[in-house]
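Reviewing the structure listed below.
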Amino acid sequence: MDTYQQELIRDLNPAQKLAVESLDGPLVIFAGAGSGKTRVITSRIASLIHNGVDPRKILALTFTNRAATEMKQRAIALNPKAVGSQISTFHSCCARWLREFADELGFNSNFTILDDSDSKSVLKGVIQKSSLSESAKASLPDYKQVLSNIKVQGLFPKDILKNKMLDDLPEGFDEIYKSYQVQLANCNSMDFGDLMMNMILLLRNNVKVKQILQNRYAYIMVDEYQDTNSVQIELVTALGQGTRNVCVVGDDDQSIYSWRGAKARNILEFDRCFSEAKTVKLEQNYRCTAHIIDAANAVIKNNQIRASKKLWTENPQGEKIEFVYESDNEMEAHHVVESIKSENYMPEQTAIFYRTNSQSRLLEEALLRENINYQIYGTTRFYDRVEVKDLVAYLRLLVNPLDDVAFLRVVNKPARKIGGKSIQTLQKYAEEASKSLLQIANSLSETDPKLFHKLMPFLACLNIAKKNLEREPLGNVLSIILDQISYLKYVEKKYPNQFQEKCENIHELVVALNEFSTANPNGKLEDWLQNITLVRGDNNISGYVSLMTLHMAKGLEFDRVYIMGFEDGLIPHKNSLESKQQLEEERRLVYVGITRARRKLTLTAAYRRLGYQGYVNLPPSRFLAEIPKECIKGLVEEASYGKLDETEVVDEENGITRHQSVYHPTYGYGMIDNIVVVHGKQKAVVEFDDFGKRTVPVHHLRV
DNA sequence: ATTAACGGGCTTTTT
DNA sequence: GCCCGTTAAT
């Protein structure tokens, strides 16, 4: 062993060393939270290259772009040659391979990748054209969910027809599925599921492609293996069949994507495909305080379906976990923000987690009020904004003229008096001629001059933009489009209140495009487009507090963590209360959340929560009762966990009851809306005449 | 006859 | 808050 390798494994524990040194042959690494998983994988990559393996023959697959980026950066830090290795997400890899082998599948390599909302609108069109009953047509969201479900199981339309066991599918699903795929093929487009499915199709049926890819990669590593679905398993096994140097890493206790087709038992059954596989368990946690690890272990041990494994740590006990029970969700947000202000953790080392995306709104408002910079991971993505999606649709049409989805999105934006009827006739023409909407639109000058006239400005804009595509930086091409269609004017008229914000987004888009052109002088618009569909903006900006769902939190770590909405109905979610399996997954979600915190953790709940319609009362989460008392402070009576206390609290002594007019020394006059217990103390929720709704201690009030 | 604008009903988690 | 069905405007 030379000095480089000695340095690489210095201060690794024995299990980690074993994992880094077992380079050849199949290997399963069970890696508990904070057990140094990424360090192990990246050291393996560095070591392989150091041993003379061509970096390009190393493939590492992850689920999130963030994981891929981090892995790549850390591998490069250990061995600069790792820059040549392919480290990216399943979806990006598949997209890359599919562009390379598109013609083998009858696609053009500039195909469009449809995101979920695009896919939904195609599905909507297909259902409307179908011969389904009206009542079946009404349940569109069902179809979208079923379709995604079917695809993550790797079922093609022909499998649906054969498989009579799938008889709980909605009416006419097989027909819808078939025409949906035909429609997508006509548009030279693929949805997220297709990226995986089409790759499988190639590997199954195309020996040439299979051999090329098997020879291309000598070492394969898969992160978060507990989250793989059957299609991804098939992909990994097919690619790894040649050299059998397949290393998978995961933790069944962190399996939180079963609703997306992930099968945690994949990691337990890895040796079914690779019978000679070795196993390594990483159980020492280097991340969290002992209190946090104790709490996490105590919670997860209530799950019955799991491999035996126990996380331990040598870290100090640290501060107790804190439970905070506030009167409503607004106060909950307020409390978190005040807490962040009062403590001195670095903003980029502070994170706030919640179960549903909608919970972020109040929190954002509270953070904005206090001028705390924050960033949201995941949805509400920049590229999901209407104005950005519209402009991206214009760009998509430049690259892929068959993209009917993009066409339909923007043909009438800004309004050009092209509504449902015009679209119908256009679709009829297109179908008769077997052309895309854009192609047929361009050829209407004789057949339908009236419609053609209405389409003119739209078509002209695209033509002008296309002419500039070769010679101008991409941002300038977008500016030309903006100018041609007077898009800013349209936005100002349609969204007067959000005009400035949307302008900034548009400007940012132009800048992003120009930056891309500068960074990749030979970069094509299609490369940029693929990136924005598959890559989310998710880097950790310094000076910013991070907000995200519990699902997004996996794989991250922060000194200071808050988990909000720790209530039965949110955590566990109300839709998961029915089955034991679903409840266990919710518990794993809590486990993931807890183990993100390095130093201090706060769980918050609200007595009542203002939702889409009025207030709902949710009891504190049942999972609180599973946390040992010595790890946590601030709990109210145990009896209330998982059960709602309906009794109204009234302060008889002071004559304070609901709907009572009161006076507060700071806020003046108001009316009591409700009286609640916070931290065992009575507080009144008061609607003040001049200050709106506030929660104040009862003893500050005068009748 | 068509298109544009307005108000009502739901909201889990994501590549 | 977002998507959809209804009404008002052309």
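Throughout, protein chains are lettered first and strands after them, A, B, ... in sequence-line order, and every chain is numbered starting at 1. Not measured: the values here are computed from a predicted model.
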Discussion item. Quick check for you: among B:dT13, B:dA4, B:dT3, whose closest atom lies nearest to any side-chain atom of A:A415?
Written reply: B:dA4

Worksheet item: Only one of A:Q582, A:E585, A:E586 clears side-chain hydrogen bond (donor to acceptor under 3.5 Å, both in side chains) with A:S576; which?
Response: A:E586

Fill in: A:Y257 over B:dT13, stacked by centroid distance under 5.5 Å, angle under 30°
no

Discussion item. Within the 4.0 Å heavy-atom criterion, would you say A:G193 contacts the bases, only the backbone, or no part of the nucleic acid?
Written reply: nothing

Practice prompt. Can you tell me the distance, in whole Å, between the CD atom of A:E364 and the C1' atom of C:dG1?
Written response: 11 Å

Discussion item. Testing the 3.5 Å rule here: is there a donor-acceptor pair between the side chains of A:K144 and A:S148?
Written reply: yes

Worksheet item: Between B:dC10 atom P and A:K120 atom NZ, what is the distance in whole Å?
Response: 15 Å

Worksheet entry | Protein-nucleotide distance (A:Q254, atom CD; B:dT14, atom P), rounded to Å | 16 Å

Response to the item:
By side chain to side chain contact (heavy atoms under 4.5 Å, CB included), A:L201 pairs with (sequence neighbours left out) A:L105, A:F156, A:N198, A:N205

Discussion item. Return whichever of A:K421 or A:L589 has its heavy-atom-nearest nucleotide of DNA chain B closer to the 5' end.
Written reply: A:K421

Worksheet item: Under 4.0 angstrom, heavy atoms only, what part of the nucleic acid is A:N412 near: base, sugar-phosphate, or nothing?
Response: sugar-phosphate

Discussion item. Just N and O in the side chain of A:T549: are any of them under 4.0 Å from OP1 or OP2 of B:dT12?
Written reply: no

Fill in: Main-chain N/O of A:E332 paired with A:N329 side-chain donor or acceptor, under 3.5 Å
no

Worksheet item: Rounded to whole angstrom units, what separation is found between the OH atom of A:Y354 and the P atom of B:dT14?
Response: 9 Å

Worksheet, complete the sentence: Considering only heavy side-chain atoms of A:H573, the closest of B:dT12, B:dA5, B:dT13 is B:dT12

Worksheet item: B:dT14 P sits how many Å from A:E224 CD, rounded?
Response: 15 Å

Discussion item. Checking A:Q359 now: which residues fulfil side chain to side chain donor-acceptor pair (under 3.5 Å) with it, not counting sequence neighbours?
Written reply: A:T356

Discussion item. Assuming nearest nucleotide by heavy-atom distance, tell me which of A:K494 and A:F90 is located more 5' along DNA chain B.
Written reply: A:K494

Fill in: Contact under 4.0 Å: A:S422 side-chain N or O vs B:dT3 OP1/OP2
yes

Worksheet item: Just how far, in rounded Å, is P of B:dA4 from NZ of A:K454?
Response: 8 Å

Worksheet item: Between A:F623 and A:Y591, is the gap from one ring center to the other below 6.0 Å?
Response: no

Shorter than 3.5 Å, N or O on both sides, protein versus nucleotides 6-10 of chain C: list them out with atom names.
none

Worksheet item: Is A:S92 touching bases, backbone alone, or none of the nucleic acid, heavy atoms closer than 4.0 Å?
Response: nothing

Fill in: Rounded distance (Å) that lies between atom P of C:dC3 and atom NZ of A:K144
14 Å

Practice prompt. May I ask you to decide if A:V405's main-chain N or O and A:D403's side chain share a donor-acceptor pair within less than 3.5 Å?
Written response: yes

Worksheet item: With respect to the phosphate group of B:dT14, does any side-chain polar atom (N or O) of A:N357 fall under 4.0 Å of OP1 or OP2?
Response: yes

Worksheet item: Where does the angle between the aromatic ring planes of A:F111 and A:F107 fall among parallel (under 30°), tilted (30 to 60°) and perpendicular (over 60°)?
Response: perpendicular

Discussion item. Without decimals, in angstroms, what is the distance between A:L610 CG and C:dG1 P?
Written reply: 14 Å

